[in-house]
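The figures that follow rest on heavy atoms only: side chains count, while hydrogens, waters and symmetry mates do not.
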Amino acid sequence: MKLSAHYTRTSIYITLTVLLAGAIIYYFAINYIAQQQLDQGLQQQLIEAEEYVRSSNQDPQQYDLDRDHAVFTRTNEQKLQKRFFDTTYFNPKAQRKEAGRAVEDLVKLKHTNYKVVITISRAGQKYLIEVITIITLVLLAGLLLVLFIINKYMLNGLWKPFQLTLKEIKQFNIADVDQFKGKPSKVTEFAELNEAIREMSLRVTYDYLNLKQFTENASHEMMTPLAVVTTKLDTLIQDETLSAGQLEQITDIYGSINKSTRLNQSLLLLAKLENKLITDNESINLKTVLSEKMLQFQELMQTKYLSFEHNLQPKQLLASKYLVDILLNNLFSNAIRHNNTGGVVIIELHGEQLSIKNTGANYSLNEQLIFERFQKGKESQGTGLGLTLVKNICQHYGYGIHYEYDSGWHTFILKF
């Protein structure tokens with residue numbers, strides 16, 4: 001969930017909680033104030049009732065004035081606690097019962113005590129409270145709606161500099177000097193973020209270029225003596241006076257030099273892949289490439305009496321032909337070198353999946369380690385970078401790759 005969505009949700013929750021609590025307090029406060037006003041009116045009516053009793057020389061009678069209703073009852077009680085209470089009021093004009101408020105007290109006429117109960121209607125007050133409540137709820141809903149619209153649409157503009165910065169970071173290429181610029185922003189935090197990222201990108205690019213130059217120089221310096229040694233060996237191996245033992249030693253030296261050369265090239269290729277420096281993509285017919293690759297490895301297959309089985313369907317890829325060639329070379333050579341004599345290599349291409357299956361050792365390999373650098377078997381003569389290159393090429397194009405083992409069959413599966 002985006003930060004703006006988190007902010008919107010949190011602000012709405014907090015606002016809703018505060019407004020609901022405020023509405024409840026507001027409702028009870030209005031109700032209390034209205035009740036106090038009714039009680040003050042009842043108190044005034046009670047004073048008028050007492051004056052009515054004192055001014056009358058006969059027993060006071062029940063009377064109705066406007067919406068006030070007074071009932072006098074003779075009582076022998078000498079003391080009565082005055083109280084205000086909610087009750088029911090009968091409206092003689094509308095001929096219906098309504099919510100009411102009443103006061104009860106004791107009045108005296110000479111030596112006779114009367115209990116008087118004065119009741120007034122609360123209908124107007126109740127209606128007023130209902131109107132205020134409805135207005136409050138409407139204002140609450142309107143405020144929440146406005147808050148949601150502001151947070152969702154208007155405040156999103158504040159995040160545009162951040163989104164542009166994030167876009168530039170995703171498109172950042174370490175090989176480009178001073179590529180990151182950052183969108184100017186009036187928000188101090190975004191401006192500081194852009195400046196920090198710009199300085200960091202410059203440092204990273206500078207360090208990368210220095211490292212790249214060092215690696216290229218080191219690689220060149222390594223290749224030069226290797227080429228000289230190879231040339232000397234080519235001359236030396238033509239000497240007819242060499243013994244069989246000397247010839248075997250020269251052959252071992254050749255193997256070591258070739259391995260060093262392959263290792264050097266593989267490490268350079270890994271560096272280029274990790275920094276996304278290979279972008280020469282083109283449309284490739286994978287079925288055709290696989291067919292050609294089987295012909296290339298046919299001679300190597302015959303040395304171990306291996307056979308190919310294949311089921312290929314057309315599949316187009318948009319990728320570097322150079323990288324696809326390296327990927328397939330490593331998978332083919334891996335399936336051949338680690339195969340049993342007289343074994344089988346099965347290649348299947350259909351839909352969005354390529355699988356290369358071969359017979360081999362009767363145990364499963366560790367899938368967590370086989371794709372790591374310099375992980376290889378004790379009898380392997382490779383550099384230990386073949387499957388690492390395969391994994392990095394797959395990651396470069398977003399392909400999936402995993403290993404499976406089933407009853408002596410080892411399978412590598414690519415999903416495009």
Mind listing the closest non-hydrogen atom pair of [X] and [Y] along with its distance?
X	Y	result
Leu290	Leu349	CD1-CD2, 3.8 Å
Asn334	Phe412	ND2-CE1, 3.5 Å
Leu414	Cys394	CD2-SG, 3.9 Å
Asn330	Ile326	ND2-O, 2.8 Å
Ala361	Tyr405	O-CE1, 3.6 Å

Task: Main-chain N/O of Ser320 paired to Tyr397 side chain as donor or acceptor, under 3.5 Å - done: yes

Task: Test log, rule side chain to side chain donor-acceptor pair (under 3.5 Å), inputs Ser283 and Gln316 - done: CA-CA 7 Å; Ser283 180; Gln316 291 294 128; 2.8 Å; yes

TODO: Would you please test Tyr114 and Phe72 for ring pair (Phe, Tyr, Trp, His ring centres under 6.0 Å) and show each step?
DONE: CA-CA 6 Å; Tyr114 293 90; Phe72 297 89; 7.1 Å; no

TODO: Compute whether any side-chain donor of one residue and acceptor of the other, for Asn329 and Lys293, lie under 3.5 angstrom apart.
DONE: yes

Greater than 12 external heavy atoms within 6.0 Å of [X]'s [atom1]:
X	atom1	result
Lys304	NZ	yes
His310	NE2	no
Glu299	CD	no
Tyr305	OH	no

Open item on the list: Within the structure provided, determine whether Leu312 and Met294 are in side-chain contact (heavy-atom separation under 4.5 Å).
Closed with: yes

Open item on the list: Just so I know, are the side chains of Phe308 and Val344 near enough to count as touching, which here means a heavy-atom distance under 4.5 Å?
Closed with: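 No. Closest side-chain heavy atoms not under 4.5 Å.
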
Task: Basic-acidic side-chain contact under 4.0 Å: Lys357, Glu309 - done: no

- [ ] Could you list the residues that satisfy salt bridge (charged side-chain N to carboxylate O under 4.0 Å, His left out) with Lys115, not counting sequence neighbours?
- [x] Glu104

